Amino acid sequence: WPPASSITGPALALPGIADASLEVVHVDFVQSLGVYTALARGDGAQVGAVQALTFHAAARRQLQYFWPRVVGDTGWQLLDTKFAVVAQAASRCRLQVSTDDVRDLAGEIEWAKASLISPEGYGAAVAKAGRDIPLDAEKVAAVYAGYETLKANRDGFALLDFDDLLLHTAAAIENDAAVAAEFRDRYRCFVVDEYQDVTPLQQRVLRAWLGDRDDLTVVGDANQTIYSFTGASPRFLLDFSRWFPDATVVRLERDYRSTPQVVSLANRVIAAARGRVAGSKLHLIGQRDPGPTPSFHEHPDEVAEAAAVA
């Protein structure tokens with residue numbers, strides 16, 4: 001694929017199964033570059049003007065800076081875990097719930113917020129999605145609403161969970177022209193890895209960061225979506241060329257990590273993909289020396305499987 005300095009505007013890189021996608025992007029921009037991943041919540045790193053951050057880490061930094069301007073004197077604290085507040089909300093709804101129920105309710109709230117679904121819209125959304133939920137939808141929505149109320153004012157502070165970091169950051173940029181201008185003046189170019197696992201909320205933040213610009217490179221494989229249970233969707237990856245009709249598309253089909261036998265098996269598995277995802281599948285070409293043919297072994301349970309592997 002051509003040097004990054006020769007590409008301007010949007011770009012989509014499609015790495016194959018087991019491809020070393022971190023080798024895709026080599027950047028030498030004059031202005032600042034933000035590199036974002038959809039998965040972890042680490043603190044990131046910075047080398048010169050280039051920052052490598054997760055969505056949540058970037059949003060947290062930005063919110064700490066812009067909060068006084070867009071909210072005022074009310075302080076905020078990060079809620080590391082939803083459990084205690086969700087349990088209190090369930091109690092206020094007069095629900096008898098177990099520890100597992102509270103965890104499941106917290107997961108539902110996280111899925112809803114990542115999917116940009118309000119408490120009022122929760123019931124219709126889960127019905128449309130055919131989602132398996134821990135309690136009746138009306139009860140989950142009530143706990144969700146109670147959870148948001150409890151967070152709004154906690155001992156004089158607003159409690160923000162990780163999804164709130166993204167929601168408030170997007171809102172600040174969308175609703176305050178001065179905030180948007182200052183941010184976009186500082187950050188020009190963006191790279192998003194694992195783009196197939198971006199949630200609707202993360203996509204909203206990305207659109208806010210970009211504004212009407214198109215200096216965006218994304219890397220992802222729709223066949224490797226693994227976080228759909230949290231609200232992630234490959235549709236943003238699949239729709240990238242609709243968002244940017246003139247985007248450069250690079251298909252990375254040479255595999256340097258696995259033997260040709262393993263690559264051939266991966267090709268046969270991915271060949272079964274159907275629908276829109278099938279349109280993004282690659283036919284990989286193994287670059288390593290030949291190895292043994294993969295074999296299949298069945299075990300009666302996880303313990304037996306672990307013993308056999310170990």
Side-chain angles (χ1 to χ4, degrees), residues 38-43 54-60 62-64 67 70-172 174 197-205 225-233 302:
L39 301 180
R41 289 172 175 165
D43 291 332
T54 66
F55 275 89
H56 294 88
R60 183 176 184 177
Q62 294 157 24
L63 201 58
Q64 286 173 329
W67 181 272
V70 297
V71 177
D73 296 332
T74 301
W76 66 273
Q77 294 178 344
L78 181 63
L79 185 64
D80 289 322
T81 174
K82 295 179 173 68
F83 189 92
V85 183
V86 171
Q88 186 179 357
S91 177
R92 289 194 173 189
C93 291
R94 302 184 183 280
L95 297 178
Q96 298 294 323
V97 292
S98 66
T99 297
D100 287 342
D101 289 334
V102 174
R103 291 197 184 99
D104 289 341
L105 285 166
E108 281 304 294
I109 292 171
E110 186 163 333
W111 170 81
K113 297 183 74 168
S115 302
L116 298 176
I117 297 167
S118 66
E120 295 76 17
Y122 175 81
V126 295
K128 181 178 180 180
R131 188 173 174 83
D132 185 20
I133 57 178
L135 298 174
D136 177 78
E138 186 176 343
K139 294 178 180 178
V140 177
V143 174
Y144 180 8
Y147 167 79
E148 293 298 320
T149 299
L150 287 169
K151 288 193 300 92
N153 192 327
R154 195 84 162 184
D155 299 325
F157 286 87
L159 292 182
L160 304 186
D161 59 29
F162 284 100
D163 295 310
D164 290 327
L165 297 180
L166 302 181
L167 285 165
H168 283 282
T169 297
E174 291 166 350
D197 278 315
V198 163
T199 67
L201 175 53
Q202 290 169 331
Q203 179 70 8
R204 176 184 169 188
V205 173
T225 302
I226 59 174
Y227 284 89
S228 56
F229 66 94
T230 66
S233 170
E302 293 181 354

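Every value quoted in this text rests on a predicted model; they were computed, and no experiment measured them.
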inquiry  = Enumerate the side-chain hydrogen bond (donor to acceptor under 3.5 Å, both in side chains) contacts for residues 146-156, please, sequence neighbours excluded, ordered by first and then second residue.
reply    = Q88-R154, K113-E148, Y147-D161, E148-K151, K151-D164
request  = Apply side chain to side chain contact (heavy atoms under 4.5 Å, CB included) to the pair L135 and L95, showing each step before the final yes or no.
outcome  = CA-CA 10 Å; L135 298 174; L95 297 178; 4.3 Å; yes
query = Is the shortest distance from a Lys or Arg side-chain nitrogen in D136 or K139 to a carboxylate oxygen in the other one below 4.0 Å?
reply = no
Minimal non-hydrogen separation, G156 against T74, with atom names = O-CG2, 4.3 Å
message = Working to the nearest 0.5 angstrom, can you tell me the gap between K82 NZ and I109 CD1?
response = 7.5 Å
inquiry  = If I take atom OG from residue S91 and atom CD from residue Q96, how far apart are they, to the nearest 0.5 angstrom?
reply    = 8.0 Å
task = Determine, stepwise, if the pair V86 / R103 fulfils side chain to side chain contact (heavy atoms under 4.5 Å, CB included).
result = CA-CA 8 Å; V86 171; R103 291 197 184 99; over 6 Å; no
key: Ring centers of H168, W67 separated by less than 6.0 Å   = yes
query = What's the verdict on side chain to side chain contact (heavy atoms under 4.5 Å, CB included) for E108 and Y122, showing C-alpha distance, side-chain angles and the deciding distance?
reply = CA-CA 9 Å; E108 281 304 294; Y122 175 81; 2.5 Å; yes
message = Using side chain to side chain contact (heavy atoms under 4.5 Å, CB included), reason through L166 and F55 one step at a time and then give a plain yes or no.
response = CA-CA 8 Å; L166 302 181; F55 275 89; 4.1 Å; yes
request  = Compare every heavy atom of P200 with every heavy atom of G231, then report the nearest pair and how far apart it is.
outcome  = O-CD, 3.2 Å
ask   = Say you draw a straight line from CZ of F162 to OG1 of T54; how long is it, rounded to the nearest 0.5 Å?
value = 9.0 Å
Residue pair G123 / A137: nearest heavy atoms and the distance that separates them = CA-CB, 4.1 Å
message = Show the nearest heavy-atom pair for residues G146 and A89, with the distance to one decimal.
response = C-CB, 3.8 Å
ask   = CG/L63 to OG1/T169 distance, rounded to the nearest 0.5 angstrom?
value = 4.5 Å
key: Option from L78, V205, L201 for which side chain to side chain contact (heavy atoms under 4.5 Å, CB included) with L165 holds   = L78
note = d(C93 SG, E138 CD) to nearest 0.5 Å is 10.5 Å
ask   = Do you know which two heavy atoms are closest between R204 and A170, and how far apart they sit?
value = NE-CB, 3.7 Å
query = At what distance, to the nearest 0.5 angstrom, does OG1 of T199 lie from CG of D163?
reply = 7.5 Å
query = Is a donor on one side and an acceptor on the other found under 3.5 Å between the side chain of S115 and the backbone of A112?
reply = no
Heavy-atom side-chain contact between W111 and V126 under 4.5 Å = yes
key: Any donor-acceptor pair under 3.5 Å from D197 side chain to I226 backbone   = yes
